[in-house]
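Predicted model only: the values in this text are computed from it and were never measured. Numbering of residues begins at 1 and proceeds along the displayed sequence. Whatever order the structure lists them in is the order used to number ligands and atoms, beginning at 1.
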Amino acid sequence: MTNAYAPYSHYTVGAAILCDDGKIYSGVNVENASYGLTNCAERTAIFKAVSEGAKHVSKIIIINGTKELSKPCGACRQVMSEFMGPEDTVFLANNTNDFKEYTFKEILPLAFSDKDMD
Ligand code: THU
């Protein structure tokens, strides 16, 4: 979160993920003057991991610079669903290190996946 690049929203986000390769990858939000090209912290972490060879995310924690617990956006939930299973763990945290634990299926019920195209 310290490295978040958020000069437009000033809303800083950090994510850390534990992957099947045993490694932890982190990510921050990276904003852009065009706004729409902003990359969220969760996707930054996942894209870093996949580009290093990881195939599965078993746990993710998301933290932001406010007192409100983090809530991953819809786009990030869909990207998470590509690499996480329904029982995998999602921790949503705030700037005082309070957090709540969820399963992935709790934060994205009825997820669309490749199985829907069989
Ligand atoms: N943001 C994230 O990094 N993750 C989310 O799931 C919610 C939104 C970022 C994107 C943008 O830089 C800022 O928060 C405000 O939307």
Side-chain angles (χ1 to χ4, degrees):
M1 192 171 67
T2 308
N3 291 335
Y5 180 73
Y8 306 107
S9 74
H10 305 290
Y11 180 77
T12 55
V13 187
I17 59 178
L18 177 64
C19 295
D20 56 341
D21 59 3
K23 294 184 190 161
I24 294 171
Y25 297 87
S26 63
V28 300
N29 53 331
V30 182
E31 297 187 344
N32 188 275
S34 72
Y35 290 18
L37 287 176
T38 291
N39 209 63
C40 293
E42 301 89 319
R43 280 178 286 144
T44 302
I46 291 170
F47 294 158
K48 280 171 66 178
V50 173
S51 68
E52 295 299 318
K55 298 276 186 289
H56 188 82
V57 177
S58 57
K59 296 183 198 299
I60 184 168
I61 184 163
I62 306 154
I63 189 166
N64 76 86
T66 78
K67 63 182 185 344
E68 300 297 327
L69 295 180
S70 297
K71 295 191 199 89
C73 75
C76 285
R77 291 179 204 216
Q78 184 62 33
V79 170
M80 288 157 68
S81 93
E82 192 73 22
F83 301 104
M84 297 183 79
E87 303 303 331
D88 287 325
T89 308
V90 179
F91 297 101
L92 303 180
N94 68 4
N95 70 349
T96 61
N97 292 331
D98 286 332
F99 66 89
K100 283 192 182 160
E101 179 177 343
Y102 298 88
T103 59
F104 182 70
K105 70 173 189 282
E106 288 180 298
I107 70 151
L108 187 59
L110 294 176
F112 174 76
S113 77
D114 56 349
K115 293 178 189 62
D116 291 301
M117 297 181 285
D118 287 346

Exercise for review: Enter the distance from Asn3:CG to Thr12:OG1 here, rounded to the nearest 0.5 Å.
Suggested key: 10.5 Å

Check your understanding: For ligand 1, which atoms have a heavy atom of Ala41 less than 4.0 angstrom away?
Key -> 2 (C), 3 (O)

Exercise for review: First locate atom NZ of Lys55, then atom CZ of Phe83, and finally report the distance between them rounded to the nearest 0.5 Å.
Suggested key: 9.0 Å

Exercise for review: Assess Ala6 for proximity to ligand 1: is some non-hydrogen atom of it under 4.0 Å away?
Suggested key: no

Check your understanding: With distance as the sole test, does Asn29 use its side chain to make a donor-acceptor pair with the main-chain N or O of Tyr11 at under 3.5 Å?
Key -> yes

**Study point:** Sidechain-backbone polar pair: Asp88 side chain, Phe104 backbone, donor-acceptor under 3.5 Å
**Key:** no

Check your understanding: Nearest to atom 9 (C) of ligand 1, what protein heavy atom do you find, and at what distance?
Key -> Asn29 ND2, 3.6 Å

Review point. Has the side chain of Asn94 got a donor or acceptor atom that lies under 3.5 Å from a matching backbone atom of Leu69?
Key: no

**Study point:** ligand 1 to Cys73 polar contact by distance, N or O atoms, under 3.5 Å
**Key:** yes

Practice item. Examine ligand 1 and decide if any of its atoms is less than 4.0 Å from a heavy atom belonging to Arg43. Key: no

Revision key, fill the gap. of all protein heavy atoms, closest to atom 8 (C) of ligand 1 is Cys40 SG, 3.9 Å

Point to revise | Option of least heavy-atom distance to atom 13 (C) of ligand 1 (set: Glu42, His10, Glu31, Lys71) | key: Glu31

Revision key, fill the gap. With heavy atoms and a 4.0 Å threshold, my read on which part of Ser9 contacts ligand 1 is side chain

Check your understanding: Counting only heavy atoms on the protein side, is anything nearer than 4.0 Å to atom 3 (O) of ligand 1?
Key -> yes

Practice item. Report yes or no: does Ser26 contribute a side-chain atom to a donor-acceptor pair with the main-chain N or O of Ala16 at less than 3.5 Å? Key: no

**Study point:** Nearest-0.5 Å distance, CZ of residue Phe91 to CD1 of residue Ile60
**Key:** 11.0 Å

Revision key, fill the gap. So the atoms of ligand 1 within less than 4.0 Å of a heavy atom of Pro72 turn out to be 6 (O)

Check your understanding: Thr38 to ligand 1: N or O pair under 3.5 Å?
Key -> no

Exercise for review: Please check if the side chain of Gln78 supplies one atom and the backbone of Phe112 the other of a donor-acceptor pair under 3.5 Å.
Suggested key: yes

**Study point:** Under 3.5 Å donor-acceptor, Ser81 side chain and Ala111 backbone
**Key:** no

Check your understanding: Any idea which protein heavy atom is nearest atom 14 (O) of ligand 1, and the distance to it?
Key -> Tyr11 CD2, 3.1 Å

Practice item. Consider every N or O of Val13 and every N or O of ligand 1, then say whether any pair is closer than 3.5 Å. Key: no

